[in-house]
Amino acid sequence: MIKRNKAWSLALAASLAMALAACGGEEQPASDTDSTAGNGQLDSVQELRLTTGSGIPSMDSVLADDAVSFTMLNNAGEGLYRLDQQNTPIPAMASGEPEISEDGLTYTFTLRDANWSDGSPVTAHDFVFAWQRAADSETGSTYGPYMMAGTIKNADAIAQGELDKSELGISAQDDKTLAVSLERPIPYFLSLMAFGTFYPQKEAYVAEHGDQYAMDSGKLLSNGPFVLANWEAAAMSWELEKNPEYWDAENVKLDKVEFNIVPDPGTGVNLYETGEADRAGLAGEFAMQYAEDEEVVRVLKPSVYYLQFNQEREGEPTPLANPKLRKALALSFNKQDLADVVLANGSIPADFLVPTEFTFDVNNEDFRKVNGDMMEFNAEQAKALWAEGLEEQGLTEVTLEYLSGDTELSKKIDAYMKDQMEGNLEGLTLKMSQVPFNVLLDKNEAQDYDIQSTGWGPDFQDPITFLDMFATESPQNTMSYSNEKLDALLEQADGELALKPEERWQALAEAEKIIVEEDAAIANMYQFGSMALQKPYVHDVIAHPFTGDFSYKWAYISGRE
């Protein structure tokens, strides 16, 4: 199991929450991946007009840690790999598949002939510089130490100041050959290479601009399909323009993507209806209003929301140390109504932890097919288990603190959950504690709650990114949950089974079953979805499960003229 620093984990949780808040705030576009759509002819004007709910916090790939920044980086930059239209990692800056040592610990990449937007070549040295900068604790990267911990050789020791960054397991054998050394075999390593933190940076250019590097579009180099234009930190609008120096420029059809910050969802829908925007996100009343509109497209994100049950508080066991009470709570609410009526944004019920349409085995089978649905809504079973659990605890009633955020969406979900759970479980009182996100993080870390409404999105394309949070020693396990069999399965998946994909898959499926069904350590609620209005002339905007939310590399306009 990868042991990650608590501070990094909480910072990433904050980033996830803000990203999902943005999606729920109706400004995130959805995707159309049907490349056969349209009349087959490209319009003479290849410009896409989008709205967004917030600006770009950072275009420094080493420092970026939010959804908007990573989406812009995914389009203006490129790593050794990128996700394709089917969300499969494919060679990008790498000219082909790497040479992998027999023990799975060394990857040797050959770079393709590719240029920065200033016409200078992208070299292996650019990757070495960027990765070392990301790993260095003095840089202040959130994702660098987090993503490299337990992955890139010596990354942990460098982050802790025990080794110099030059000891990181990456080296340029020449301008075109890059060698990467790992701490352990990692089955999902190539998907990591599509993540923005692992992009290259040109050392001389970064040094030239110093602390002003990437602070505006005039101090930024691109090696991706587009270059950022007319952007600075406080900008309310900006553009992505086609990068003529990009190695695959002939397959990039759009000349420009325009972005305007539109925080109000109603304004975004109005811009769409008046023809001033090509897409508009939908949620809440707008999602319900337009649900059957023929121009609605839906995106299912690989982010899962759930309740986590704290089994120990202030050194003493809580009533939720009783597995029957946890199972009763997990079975006590109707997830279908939660998704369809309360959220009404394209989300689906989650009778699982590892999301659907996220990760696939060597035969391209969805991981979800192994365990299927677990702990589906069953009020009668919940009532029986609740009564048994209370009797075992010598209780007739119990009050539990339910911790959540203070956003309007959180309050709406909380009201539904309170009504369902108290209504189905006699003797239960939920004391709702709705707090700002920074307070929620503090209470989570201190285990100052009984039930917490939370969620998680993937860091990479593998089931273990959801499962290893619940290992006994995981920094994300702020609920005093422990299962020796689960720990053993996760250790095997990261160790002896790392190069045995079929056996590893089964071990991870068994781990999920323990967490969700056997122990009911958590109660899953929903997998996050989004809805958007999208003009029928817009094609092949690709939604991704991680890295950046969207790619515009393959997008085109056909039928607007």
Side-chain angles (χ1 to χ4, degrees), residues 58-64 69-70 72-82 89-96 98-99 106-136 138-139 141 143-145 147-148 151-155 158 164-181 189-190 192-215 217-228 243-249 547-548:
S58 177
M59 282 301 291
D60 185 337
S61 59
V62 164
L63 299 179
S69 297
F70 277 126
M72 295 304 119
L73 284 165
N74 181 52
N75 289 281
E78 191 164 85
L80 294 166
Y81 274 60
R82 76 159 48 244
I90 59 172
M93 286 293 101
S95 63
E99 178 183 333
T106 304
Y107 285 67
T108 303
F109 298 89
T110 299
L111 303 190
R112 69 171 70 249
D113 293 331
N115 290 337
W116 291 103
S117 50
D118 65 356
S120 62
V122 178
T123 72
H125 304 283
D126 299 332
F127 283 93
V128 174
F129 169 72
W131 290 23
Q132 288 181 351
R133 183 167 174 254
D136 187 354
E138 294 185 5
T139 303
S141 171
Y143 267 96
M147 295 296 282
M148 295 182 184
T151 301
I152 309 301
K153 187 176 181 179
N154 294 332
I158 293 168
D164 185 77
K165 62 184 179 181
S166 63
E167 298 297 317
L168 187 68
I170 182 172
S171 63
Q173 298 181 355
D174 54 47
D175 285 351
K176 292 290 186 181
T177 309
L178 184 71
V180 179
S181 298
F189 179 68
L190 293 180
L192 287 178
M193 295 300 92
F195 198 83
T197 306
F198 294 98
Y199 285 7
Q201 293 183 345
K202 186 176 179 180
E203 182 174 9
Y205 189 88
V206 175
E208 175 187 351
H209 292 286
D211 60 7
Q212 293 302 300
Y213 169 69
M215 294 296 287
S217 53
K219 301 178 183 66
L220 181 67
L221 283 183
S222 298
N223 70 321
F226 300 92
V227 295
L228 194 65
N243 179 7
E245 292 290 340
Y246 181 53
W247 68 270
D248 197 27
T547 67

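The number of heavy atoms from other shown groups lying within 6.0 Å of CD (Glu99) does not exceed 12. Residue Gln212 qualifies as enclosed at atom CD: its count of foreign heavy atoms under 6.0 Å is above 12.
No side-chain heavy atom of Pro91 sits less than 4.5 Å from a side-chain heavy atom of Phe109.
Residues satisfying the ring-ring contact (aromatic ring centres under 6.0 Å, His included) criterion with His209, sequence neighbours excluded, are Tyr205. Among residues two or more places apart in sequence or in another chain, the side-chain hydrogen bond (donor to acceptor under 3.5 Å, both in side chains) test is passed with Tyr81 by Glu97. Asp174 is linked by a side-chain hydrogen bond (donor to acceptor under 3.5 Å, both in side chains) to Thr177, counting only residues two or more places apart in sequence or in another chain. Residues forming a side-chain hydrogen bond (donor to acceptor under 3.5 Å, both in side chains) with Ser69 (at least two apart in sequence, or on another chain): Asp66. Residues satisfying the side-chain hydrogen bond (donor to acceptor under 3.5 Å, both in side chains) criterion with Lys153, sequence neighbours excluded, are absent altogether. Residues forming a ring-ring contact (aromatic ring centres under 6.0 Å, His included) with Phe127 (at least two apart in sequence, or on another chain): none.
Using a 3.5 Å distance cut-off with no hydrogens or angles, the side chains of Ser120 and Asp118 do pair a donor with an acceptor.
A centroid separation of less than 6.0 Å is found between the aromatic rings of Phe195 and Phe70.
Note: Tyr199 OH to Ser222 OG = 11.0 Å, rounded to the nearest 0.5 Å.
For Arg133 (side chain) and Lys165 (main-chain N/O), no donor-acceptor pair under 3.5 Å exists by modelled atom type.
Heavy-atom minimum distance, Met59 versus Met72: SD-CB, 3.6 Å. Closest of all the heavy-atom pairs between Ala124 and Leu178 is O-CD1, 3.6 Å. Closest heavy-atom contact between Ile158 and Glu167: CD1-C, 4.0 Å.
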